[in-house]
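The structure appears right after this line, and notes come after that.
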Amino acid sequence: MGVHIMRIKIALVSLFLLETSIVFGDIGTATSYNPPYTPTRCNGNRGDQFPAGNLFVAVSEGLWDNGAACGRRYRLRCMSGSGRRPCKGGTIDVRVVDYCRKRPCPSTIALSSDAFSEISRSPNAKINIEYIQI
């Protein structure tokens, strides 16, 4: 009986570590933005700057880094937001293609409408996200 309890404890600790291992990113907010997406501050009107699935973002001043953010990739997930259950599960990988067009930027990261719909059920919401550069 002692070995069985020890295995259960090890399994629970492993699950806890697996769940908490994701929590090493930064915390911010995200909103959605809609087309037209060009021209961008990174690559103007080039169509090849947009990754497959249109999983791209524009970033706010804090991440822009005087344009060095262009092409950076981030893994992000929705953590919470207003409304009823705005978050979908899982993470998405996105590429920075632009500087946030609104002043001031309404969020840390503005996701293309396709990217936003991958992680949130609420297309017009402002959500809380966790993100990490990959």
Inset, instruction - Mind checking salt bridge (Lys or Arg N to Asp or Glu O under 4.0 Å) for D93 and listing every partner two or more places apart, or none if nothing turns up? - result: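 For D93 the salt bridge (Lys or Arg N to Asp or Glu O under 4.0 Å) partners, ignoring immediate neighbours, are R73, R75.
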Inset, instruction - Step through the shown structure and confirm whether more than 12 heavy atoms of other residues, nucleotides or ligands are within 6.0 Å of CZ on R84. - result: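 No.
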Look at the side-chain heavy atoms of Ile, Leu, Val, Met, Phe, Trp and Tyr, link any pair under 4.5 Å apart, and say whether [X] and [Y] land in one connected group.
X	Y	result
Y131	L55	yes
I109	W64	yes
V59	V97	no
Y99	Y33	no

Inset, instruction - Decide yes or no on side chain to side chain contact (heavy atoms under 4.5 Å, CB included) for D65 and R72, but give the supporting numbers first. - result: CA-CA 11 Å; D65 197 14; R72 284 184 185 157; 2.9 Å; yes
Close side-chain approach of [X] to [Y], heavy-atom, < 4.5 Å:
X	Y	value
R121	K88	yes
L76	I92	yes
T31	K102	no
S32	P123	no

Inset, instruction - Apply side chain to side chain contact (heavy atoms under 4.5 Å, CB included) to I27 and M79, showing your working. - result: CA-CA 9 Å; I27 304 298; M79 296 173 48; 3.5 Å; yes
For the side chain of [X] and the backbone of [Y], is there at least one donor-acceptor N/O pair under 3.5 Å apart?
X	Y	answer
S122	A125	no
T29	T108	yes
Q49	R46	yes
S117	D114	yes
K126	P106	yes

Can you give me the closest heavy-atom contact between [X] and [Y], atom names plus distance?
X	Y	answer
N54	S112	O-OG, 2.5 Å
D98	R41	OD1-N, 2.8 Å
R77	E130	NE-OE1, 2.7 Å
I129	C78	CG2-CA, 4.2 Å
V96	Y74	CG2-CE1, 3.7 Å
S107	A110	OG-N, 4.0 Å

Inset, instruction - State whether a side-chain donor-acceptor pair under 3.5 Å links S80 with N128. - result: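 Distance-only check passes for S80 and N128.
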Inset, instruction - Start with the C-alpha gap between Y37 and F56, add the side-chain angles, then the distance that decides, and say whether ring-ring contact (aromatic ring centres under 6.0 Å, His included) holds. - result: CA-CA 10 Å; Y37 296 121; F56 59 87; 4.8 Å; yes
Legend entry - Contact list for residues 25-69, test disulfide (SG to SG under 2.5 Å), sequence neighbours left out: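 Output for this query lists C42-C70.
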